[in-house]
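Working notes, beginning with the structure itself.
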Amino acid sequence: MAELTDRFGTMVFSEEVMKDYLPKDIWKRLAATLEGGEPLDLDVANAVAHAMKVWAISKGATHYAHWFQPLSGITSEKHDSFLEPNHDGTAITKFTGKNLIQGEPDASSFPNGGLRATFEARGYTAWDPTSPAFIKDDVLCIPTAFCSYTGEALDKKTPLLRSGQALNREARRVLKLFGIETKLPVVSYAGLEQEYFCIDHNFNFARPDLQVAGRSLFGARPAKGQEFSDQYFGVIPQRVLSYMMEVERELYKLGVPVRTRHNEAAPSQYEIAPLYEASNLAVDHNHIIMSTLRNVAKRYGLKCLLHEKPFYGVNGSGKHVNYSIGNAELGTLFNPGETPHANAKFLVFCAAMIRAVHKFGGLLRATVASASNDHRLGAHEAPPAIMSIFLGDQLTEVFEAFRAGRIDDAANSKSGRVMNVGVDTLPPLPTDPGDRNRTSPIAFTGNRFEFRALGSSQSAAGSITALNAIMADSLGHAADFLEGELARGKDLNTAIQHYVQHVIEEHSAVIFNGDGYSSIWHAEAERRGLPNLRTTPEAMPELIRPEVIDLYERLGILNRAELKARYDIYLEQYCKTVRTEAILTTRIARTIIFPAAMRYQGELAETAARMKAIGKDFRTMTLDEVTEQLRGLQDATRSLEATLASVDGKGDFLARATRYCTEVLPLMSEVRRYADLLETRVADDLWDLPSYQEILFGK
């Protein structure tokens, strides 16, 4: 156990390391920045840079890099050496405060949505002292924000940090009404559950679609998939377990508090989950988790697939965001305690969340929109595209009692229960106030809300930024309402009752505790006025709705130009993704599937001719089927190629994305339909693509 704890955080420039390497006065001033958000002086930055350099070199680091998160959705870094040559042929190591706090990458070479042109290339990375530096592959990685020369945010971290400031400001207003003062900022916390597939790397090399697109564009369903429910929490295959253990060892060194690993529902699907952390750090750590999963897999002859839907017919992969707000002094503000109806503070914060999701559900949907996640949402494996909240019976009963003005009924609602398992040797188990609902996109789970719509490959920063923003807006509304009631002479308890009653009266349409997969809910959601934005082209315009622009500008998170840039970037990424997959579909169909089926057709025809030559009867049903499917494949491929040519470069991004969605994707499915039929007919020795059965069960 000592070895395990000693290993944790050894490659992180943590607060404990800072205390050892920094003078006491410097550490005190830095702590004011880390804990209270105080501005950072250059002399402090110089001292921190020197200490960081000495520590990093002692750990074997030779280079440093500003590690940032551009709008491509991945992380980026440029490595610079600590060494600086002297005129006499010797060298020294150098790393200054300026090197630490600011870098200058080419801003025009990253997705920028028109905020930067090629001839306006200057951009800056700025040190984020709230996320500790770490050493990876002998490089000191310094988490940074990324902005343009003119100050626009070109990354996912900057708006996340801005949204945190807005949340802190509005949460403090509400807490002050309860007589609560806290020295620490109120922050959002996130626990990010990461799902992924892991397959033998040889199968990946043999599948151009997996190599390039990250998902299989062809593949007949195997005889067995996940219908036996024998995968979830099953015994982890030995090679995969060894891989997981090494992933965890690497993550422990980087200070990532991973805690859980297990088989997921689909064959060859797994999950890794850390403990919750401040959301800014949680997002950074999730990027480290995804990178480590990919890199360590190679050492074991494995391929880690983070695509949301790599295989048709089995579950896709998500990244569940367990979201809460609070700090070390207050705990989580979504904690209802023993009797939630008696916890006025909880009711206010919970009601604010209900209002937030109802007002800005479309924004939340837009933050999880992508070509890959569209394949997963609403497919009986992930929540639907309709944003709703699951509260459970007890909390729903409490809020409904408030709406009806029956406060006494709320006080007498169900309290915590115990569950008797019926086995003498097992004690009664305490139960949560509400059951779990796996079909809800936003579910209350005891002391947090679980946002389940995010895709496995996506950065959580966009969704958490939106959650922070809509909560800040709703908490500001709560503070205004309560302050107004108090100014009119109401006592605090009465003001809270009126506030909760008002929110539930206006926004209870977003509360749904039933089956989110059912067609009944889809019809009911439409009746309630909840948007059902099934695809990325439908969802992305939510980013530039006037209400969203006002929200982000009012809270100082993103301005109109920055939001429009993201809208353009994400639609362009959608178009490029579908276009790439469509080109792959036609090429694989023409160069791999069609030739294999033609060879089999030839063998069948030759056998038929030989049988006829010797006077034997030969039934040509299989030959007829293969010939018909080949014609269908050829016609579908031609239609796809013609449609693709008509869409490329035509119209604005939204018009193009809509055509890719409504015209190109259905034709890709048609090509696949014929190809998958042929896979079930063509002789196995002639079929070059590894089958689903080989990929998913070859562990």
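For clarity, every value in this text was computed on a predicted model and none was experimentally measured.
- Ring pair Y189/Y276: centre-to-centre distance below 6.0 Å.
- Shown here for N468 and G164, the closest heavy-atom pair between the two residues is ND2-N, 4.0 Å.
- Under the 4.5 Å side-chain criterion, counting only non-hydrogen atoms from C-beta, T465 is in contact with Y552.
- In this structure, S279 and V187 have side chains that are not in contact, with every pair of non-hydrogen atoms separated by 4.5 Å or more.
- The shortest distance between side-chain heavy atoms of R448 and Y323 does not fall below 4.5 Å.
- Side chain to side chain, Q194 and S456 fail the donor-acceptor criterion of an N or O pair below 3.5 Å.
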Exercise for the section: Decide yes or no on ring pair (Phe, Tyr, Trp, His ring centres under 6.0 Å) for H262 and Y232, but give the supporting numbers first. Expected result: CA-CA 8 Å; H262 63 81; Y232 193 60; 5.6 Å; yes
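- Neither side chain, T439 nor R452, offers a donor N or O lying under 3.5 Å from an acceptor on the other.
- No donor-acceptor pair closer than 3.5 Å links the side chain of S474 to the backbone N or O of M471.
- Residues E572 and R656 are not paired through a salt bridge, judged by the lack of any N-O separation under 4.0 Å between the basic side chain and the carboxylate.
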Practice task
Verify salt bridge (Lys or Arg N to Asp or Glu O under 4.0 Å) between E562 and R566, making sure each step is shown before the conclusion.
Solution key: CA-CA 6 Å; E562 290 169 321; R566 281 154 177 76; 5.5 Å; no
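- Proximity of the aromatic rings of Y312 and H375 is defined here by a centroid distance below 6.0 angstrom, and this criterion is not met.
- Looking at D473 and R355, a side-chain N of the basic residue comes within less than 4.0 Å of a carboxylate O on the acidic one, giving a salt bridge.
- Using modelled atom types and a 3.5 Å distance limit, the side chains of N315 and Q226 yield a donor-acceptor pair.
- Looking at R545 and D550, no side-chain N of the basic residue comes within less than 4.0 Å of a carboxylate O on the acidic one, giving no salt bridge.
- Salt-bridge check for R173 with E483: passed, with a basic side-chain N closer than 4.0 Å to an acidic carboxylate O.
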Exercise for the section: Please test R673 against D635 for salt bridge (Lys or Arg N to Asp or Glu O under 4.0 Å), starting from the C-alpha separation and ending with a verdict. Expected result: CA-CA 12 Å; R673 184 172 73 85; D635 291 344; over 6 Å; no
Problem - I511 and I354: CA distance, side-chain angles, deciding distance, side-chain contact (heavy atoms from CB on, under 4.5 Å) verdict - result: CA-CA 8 Å; I511 301 171; I354 293 168; 4.1 Å; yes
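- The number of heavy-atom neighbours closer than 6.0 Å to CZ of R579, taken from other residues, nucleotides and ligands shown, is 12 or below.
- A donor-acceptor contact under 3.5 angstrom links the side chains of S372 and E308, judged on distance only.
- Shortest non-hydrogen contact noted between P537 and L654 is O-CD1, 3.4 Å.
- Taking the centre of each ring, H502 and F481 come in below the 6.0 Å mark.
- With respect to the salt-bridge test (charged N to carboxylate O, under 4.0 angstrom), the residues E547 and R554 do not qualify.
- Side-chain N/O atoms of D374 and T535 include no donor and acceptor closer than 3.5 Å.
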Exercise for the section: Test R215 against E581 for salt bridge (Lys or Arg N to Asp or Glu O under 4.0 Å), laying out the working first. Expected result: CA-CA 9 Å; R215 76 177 180 105; E581 291 182 352; 2.9 Å; yes
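- Annotation: cation-pi geometry not satisfied between K576 and Y574 (NZ/CZ under 6.0 angstrom from ring centroid, within 45° of ring axis).
- There is a side-chain donor-acceptor pair under 3.5 Å between D155 and T158.
- In this structure, T367 and L454 approach most closely via the heavy-atom pair O-CD1, 4.4 Å.
- Between the side chains of Y660 and D648, at least one donor N or O lies within less than 3.5 Å of an accepting N or O.
- The two atoms that bring G516 and P384 nearest to each other are O-CG, 3.4 Å, heavy atoms only.
- A distance below 6.0 Å separates the ring centres of F449 and F444.
- N447 and T332 are not linked by any side-chain donor-acceptor pair at a separation below 3.5 angstrom, with hydrogens and angles left out of the test.
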